[in-house]
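Scroll down for the structure; my scribbles are underneath it.
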Amino acid sequence: MAVEATTAGRNRVTFLKVSVALQTVAIFFQASTAGLVLSTSYGELLHGVGARVMYGATMVYLLAAILAWRPGGGSPRPILYATGFLVLASAQVILGVAHVPSVHLPLGVLMFALSALDLSRTWGARGARGR
């Protein structure tokens with residue numbers, strides 16, 4: 001029975017790591033398609049689809065953080081990070097729809113930097129414990 005609990009805990013940690021990685025890649029995709037919005041006819045479509053994927057990835061990250069904390073016995077700190085990203089992603093969507101690039105673009109850069117930092121924290125956590 002202890003082996004099953006340990007395996008389940010590892011799966012939740014892996015789900016958390018994968019969800020942070022997915023969020024970071026989705027935000028990077030958004031940055032990549034931002035220039036296409038200005039220069040191509042299909043850029044707005046790609047950026048719009050990417051926005052939906054990024055928002056979904058952020059919700060998956062929140063779900064993974066909750067599952068790693070409550071049933072998995074992990075720290076509640078990732079829930080705070082994931083909630084913060086969901087708030088930032090909501091602001092991004094609102095600013096993008098309202099066409100406010102003066103705030104939308106810097107917020108996107110901030111989100112990518114924070115997500116990359118969170119990714120390095122999440123993926124580096126196991127190595128730090130092993131030392």
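Note that the structure is a prediction, hence the values are computed from the model and not measured.
Side chain to side chain, Tyr81 and Thr122 fail the donor-acceptor criterion of an N or O pair below 3.5 Å.
Put simply, the side chain of Trp69 never gets that close to the backbone of Pro78: no donor and acceptor are under 3.5 Å apart. Gln92 contributes a side-chain N or O that, together with a main-chain N or O of His104, makes up a donor-acceptor pair within less than 3.5 Å. The main-chain N or O of Leu36 is never found under 3.5 Å from a side-chain atom of Thr33 such that the two would form a donor-acceptor pair. A distance-only check finds no donor-acceptor pair linking the side chain of Ser115 to the backbone of Met111 [under 3.5 Å].
In terms of heavy atoms, Pro101 sits closest to Pro106 at O-CD, 3.7 Å. Nearest heavy-atom pair across Ala82 and Thr58 is O-CG2, 4.3 Å. In terms of heavy atoms, Leu62 sits closest to Ile79 at CD1-O, 4.0 Å.
By the rule that hydrophobic residues join a cluster once side-chain heavy atoms approach within less than 4.5 Å of another member, Leu46 and Val53 end up as members of separate clusters. Hydrophobic cluster membership is shared by Val60 and Leu67, with clusters built from Ile, Leu, Val, Met, Phe, Trp and Tyr side chains linked at under 4.5 angstrom. The hydrophobic cluster containing Val49 does not contain Phe112, counting ILVMFWY residues as joined when their side-chain heavy atoms lie under 4.5 angstrom apart, directly or transitively. Phe28 and Trp123 fall within a single hydrophobic cluster, where Ile, Leu, Val, Met, Phe, Trp and Tyr are joined by side-chain heavy atoms under 4.5 Å apart, directly or via other members. No continuous path of ILVMFWY side-chain contacts below 4.5 Å connects Leu110 to Val87, so the two sit in separate hydrophobic clusters.
Here the side chains of Asp118 and Tyr61 are in contact, with some heavy-atom distance below 4.5 Å. Residues His47 and Phe29 form no side-chain contact, since every pair of their non-hydrogen atoms from C-beta on lies 4.5 Å or further apart. The side-chain heavy atoms of Arg121 and Leu117, taken from C-beta on, include no pair separated by under 4.5 Å.
Between Leu88 atom CG and Phe85 atom CZ the span is 7.0 Å, to the nearest 0.5 Å. Between the CD atom of Glu44 and the OG1 atom of Thr40 there is a distance of 9.5 Å, given to the nearest 0.5 Å. Interatomic distance, CG of Leu107 versus OG of Ser102, reported as 11.0 Å (0.5 Å rounding). To the nearest 0.5 Å, the span separating OG1 on Thr14 from NZ on Lys17 amounts to 6.5 Å. Atom CG in Leu63 sits 10.5 Å away from atom CG in Leu16 (nearest 0.5 Å).
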